[in-house]
Amino acid sequence: MASDSFLKTEITFLKGVGPQRAELLSKELGLLTYNDLIHYFPFRYVDKSSFTTVRESFAITGPVQMKGKITKVSEVGAGRKKRLTAVFTDDSASIDLVWFTGVKWVKPIIQSDKEFTLFGKVTRFGAKYNIAHPEVEPYEKTLSRVGNLQPVYNSGEKLSAKGLHTKGIEKILRTLIALIPGKIHRTLSADIIEQYNLMDREEAFRQIHFPESNELLKKAQMRLKFEELFFMQMALIKQKLITQRKTRGYVFGEVGIHFNTFYNNHLPFELTGAQKRVVKEIRRDTATGHHMNRLLQGDVGSGKTLVAILSMLVALDNGFQACMVAPTEILANQHLQSALEFLEPMGVKIGLLTGSSKTAERKVIHEALEDGSMQILIGTHAILEEKVRFKNLGIAIVDEQHKFGVAQRGRLWRKNVQPPHILVMTATPIPRTLAMTFYGDLDVSVIDELPPGRKEIKTIHYFDSKRLLLFQFLEDEIKKGRQVYIVYPLIEESEKLDYKDLMDGFESISRRFPRPEYQISIVHGRMKPADKDYEMDLFAKGKTQILVATTVIEVGVNVPNASVMVIESAEKFGLSTLHQLRGRVGRGAEQSYCVLMTGYKLSQDAKTRMETMVRTSDGFEIAEVDLRMRGPGDIMGTQQSGILDLKIADLAKDNQLLNLARICATELLEEDPDLTHKKNLDIRQELMLQMKRKTHWSRIS
Ligand code: ADP
Ligand code: MG
């Protein structure tokens, strides 16, 4: 059996590379070993299966391939303006060729009477046609080539200057591929290869660089993608198992008076099936002595708060304290209100801690937390501070976790002798592929059902010219007793401009909806927190009918009587923000609306975003579109982009394969957790190798 020593060879030893090029390849592309080089895959392939005639080529805009002779080769100009020209002729017509760079490489090749294969794009200059920088090769070489798909590699100026343009890279890869028979070590077991019908690894490397057909190329890509995703999942799941084994969790052995009293006497409505299921999952986790580390995904309005409250009550029943961290003060306040409303009648002691808590209040809270008299603490980042200590914290809940970094969540782990159970909640659905990669070491629960009786929010896209119509509509809704949000962008780079838009908008709305008949609240990022809360409160209590705001209201705010969400300059918002904002309405029994206002001029991306919003209100579907448009790096932020360092798999496109890889990894680790079975030795070795190479695969969430 081949060992991995072949692939560890430094590329400088490969024929045609040498020290100078090796250094360049290392500097420019990070390629050090045969292993790196063989994983430097083509970024596309040119289909060279068909030939056109020169005459036909005049009418074709894309690249063409032709067969003919090259004559009149001459160098014109001098110094930096030097270029190479020639004429290409077949039976049908002639066309001019020109090269501005690489003259000394091309000239000797084309000065020959042979037949050539020419590949390039035709450009028209008045009545004349020419091709700049065509690829040329002797036709006999084309004939001997197996397969019609030619690899194209990413290169760069510095590389090209040393002959390492795509053709040059292709050449050294041909040399490498010629060496590999019998030298590629196995990474998967025969079982897996058979079960998933995967191509042999050596064959896959050959076919991905020099495919013999489209079909074989697909199989090669599938094999290599599967392998990449499989090892990533193996690393994540293994990490999860190790953490689970190492970390003991507090045992919430019983469900007692708090939970039961609330559940039987105070629960304002029947839980949805999904809520019940998730509560069960959480109870199962916390009852066993395992440490719970769970992500709860649920679309906006799916009722996550209630699940959080029920989980906290289980902690209380077992003599523990609980805390809940929210990303904004408004949201923390709102959670406090719900918790007070639900739990105060039962005598549960609840506190609030935010950035604007006064020193004197803090002192009281700190003491009550340390002596255990305060059972539940709700707040913002302030809770994470070192000096906030609990007597016996049993569970920590993070709401809207996408607003928190990994390190911030990590601090919750240290809030008790053993880490408290952790439940992180998010209403920004993360596409399954991303959840499986970024939160691959968490357990995931999903609330995929909205409380009954909700009407689907009607979403409309208006151009600015429909503003009069919009105002009339708002007036009608307000007359019916409803409330309205009007949201303006507040983007940091253009803060001044956005502020002006907001204020201009506020003025024109005030003119159209004058006092005392109408009352308008305004909330934006430049206001003091206390003022924001005051205005929000007026709106929440129904004392104002219109809330003009920036995206500070993006997450969590709950005013069931509000039925219209107007989003101004909607084209400036990303899909997940639009979806979050829309989620502020549709929380009551009334028909709700979301109106997206934009200018006429929209980019293609903006159009897609508007169309997606109008078409669907399924957060998971929106997340998928978002992923396809923006890519995983943008969605998850660069801070976590290490994991995106995938060579061939694409998290936006390969979700099916990722699913398979995850299932495969899960089953394998269930059967052989330490990979000690003989048939899994190759896997074990490769996993260790990869985990060493990719340190970011350990503990990311
Ligand atoms: P989110 O998941 O977005 O945080 P919330 O927890 O704020 O959602 O719940 C949204 C609204 O739905 C709240 O007004 C809440 O009281 C209500 N709600 C939650 N669960 C149910 C249920 N089972 N039946 C009816 N209404 C519910
Ligand atoms: Mg919420």
Side-chain angles (χ1 to χ4, degrees), residues 1-9 30 32-36 38-39 41 180 183-202 204-205 208 220-247 293 433-443 640-651 654 657-701:
M1 197 196 73
S3 80
D4 62 356
S5 61
F6 172 76
L7 286 181
K8 279 187 184 152
T9 316
L32 298 168
T33 60
Y34 285 6
N35 187 62
D36 297 334
I38 210 162
H39 282 96
F41 301 132
I180 67 173
K183 299 262 176 54
I184 300 297
H185 65 284
R186 281 205 301 256
T187 50
L188 297 176
S189 65
D191 282 3
I192 291 177
I193 291 188
E194 191 189 343
Q195 188 183 350
Y196 292 91
N197 189 17
L198 299 173
M199 183 182 261
D200 167 73
R201 192 164 187 243
E202 181 187 313
F205 281 133
I208 196 146
Q221 286 171 328
M222 153 141 171
R223 154 77 203 225
L224 295 165
K225 284 178 180 184
F226 182 91
E227 178 168 325
E228 185 167 48
L229 296 170
F230 171 77
F231 282 105
M232 174 210 243
Q233 289 302 318
M234 286 291 285
L236 290 167
I237 297 169
K238 222 167 161 15
Q239 194 58 47
K240 180 164 106 181
L241 293 178
I242 292 170
T243 315
Q244 270 175 3
R245 219 184 284 171
K246 270 204 319 227
T247 320
N293 199 14
T433 48
L434 292 194
M436 274 194 282
T437 42
F438 287 93
Y439 305 107
D441 60 344
L442 266 65
D443 291 308
Q640 301 181 344
S641 67
I643 192 123
L644 300 172
D645 200 10
L646 294 174
K647 292 218 158 57
I648 180 163
D650 178 343
L651 292 178
D654 297 320
L657 212 51
L658 176 58
N659 260 327
L660 286 183
R662 175 133 184 127
I663 292 169
C664 179
T666 310
E667 286 176 356
L668 183 69
L669 285 172
E670 263 165 27
E671 189 190 294
D672 185 10
D674 296 314
L675 300 176
T676 46
H677 295 186
K678 192 157 170 266
K679 63 174 183 183
N680 295 329
L681 284 185
D682 291 332
I683 296 180
R684 180 195 159 111
Q685 234 168 37
E686 180 68 15
L687 182 63
M688 283 184 344
L689 204 80
Q690 295 216 15
M691 282 179 93
K692 220 186 298 160
R693 220 179 278 143
K694 306 188 181 179
T695 44
H696 54 258
W697 274 358
S698 65
R699 260 234 77 66
I700 48 159
S701 45

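- Atom CD of Gln221 and atom CG of Asp650 lie 11.5 Å apart (nearest 0.5 Å).
- Scanning all heavy atoms of the two residues, the minimum distance from Cys664 to Tyr196 falls at CB-OH, 3.3 Å.
- Scanning all heavy atoms of the two residues, the minimum distance from Ser189 to Asn680 falls at CB-OD1, 4.1 Å.
- Within the 4.5 Å cutoff, the side chain of Leu7 has heavy atoms near those of the Ile38 side chain.
- No donor-acceptor pair closer than 3.5 Å links the side chain of Glu228 to the backbone N or O of Leu646.
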Requested in this report: Show the numbers, then the answer: is there a side chain to side chain contact (heavy atoms under 4.5 Å, CB included) between Thr187 and Asp682?
Outcome: CA-CA 5 Å; Thr187 50; Asp682 291 332; 5.8 Å; no
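- A salt bridge between Glu671 and Lys679 is present, with a side-chain N of the basic residue lying under 4.0 Å from a carboxylate O of the acidic one.
- Between Leu675 and Ile683 there is a side-chain heavy-atom pair separated by less than 4.5 Å.
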Report task. Could you walk me through whether Leu658 and Phe230 pass side chain to side chain contact (heavy atoms under 4.5 Å, CB included), step by step? Result -> CA-CA 8 Å; Leu658 176 58; Phe230 171 77; over 6 Å; no
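- Leu229 CG to Asn659 CG: the interatomic distance, rounded to the nearest 0.5 Å, is 10.5 Å.
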Requested in this report: Might you work through the side chain to side chain contact (heavy atoms under 4.5 Å, CB included) test for Met199 and Ile193, ending with a clear yes or no?
Outcome: CA-CA 7 Å; Met199 183 182 261; Ile193 291 188; over 6 Å; no
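- Salt bridge annotation for Lys240-Asp443: present, with a cationic side-chain nitrogen under 4.0 angstrom from a carboxylate oxygen.
- Under the 6.0 Å cut-off for aromatic ring centres, Phe6 and His185 do not qualify, their centroids lying 6.0 Å or more apart.
- Here the rule is side-chain contact (heavy atoms from CB on, under 4.5 Å) with Leu236, and of Gln233, Met234, Gln239 only Gln233 fits it.
- For the atom pair Met222 CE and Asp654 CG, the distance stands at 10.5 Å (nearest 0.5 Å).
- Between the Asp672 side chain and the Leu668 main chain, no donor and acceptor come within less than 3.5 Å of each other.
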Requested in this report: Any chance you could lay out the side chain to side chain contact (heavy atoms under 4.5 Å, CB included) test for Leu188 and Leu198, step after step, and finish with the verdict?
Outcome: CA-CA 10 Å; Leu188 297 176; Leu198 299 173; 3.7 Å; yes
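- Residues satisfying the side-chain hydrogen bond (donor to acceptor under 3.5 Å, both in side chains) criterion with Lys238, sequence neighbours excluded, are absent altogether.
- Using a 4.0 Å cut-off between charged nitrogen and carboxylate oxygen, Glu686 and Arg186 do not count as a salt-bridge pair.
- In terms of the salt bridge (Lys or Arg N to Asp or Glu O under 4.0 Å) criterion, Glu194 has no residue partners (sequence neighbours excluded).
- When all heavy atoms of Arg201 and Glu227 are compared, the closest pair comes out as NE-OE2, 3.0 Å.
- When every heavy atom of Ala204 is checked against every heavy atom of Ala220, the shortest pair comes out as O-CB, 3.5 Å.
- When every heavy atom of Gln195 is checked against every heavy atom of Glu667, the shortest pair comes out as NE2-OE1, 4.3 Å.
- Leu224 is listed as a side-chain neighbour of Ile208, based on a closest heavy-atom distance under 4.5 Å.
- Formation of a donor-acceptor pair under 3.5 Å by the Asp200 side chain with backbone atoms of Glu202 is found in this model.
- Taking NE2 from His39 and OH from Tyr34, the interatomic distance works out to 15.5 Å, rounded to the nearest 0.5 Å.
- Across all non-hydrogen atoms, the minimal contact from Phe226 to Ile192 is CE2-CG2, 4.0 Å.
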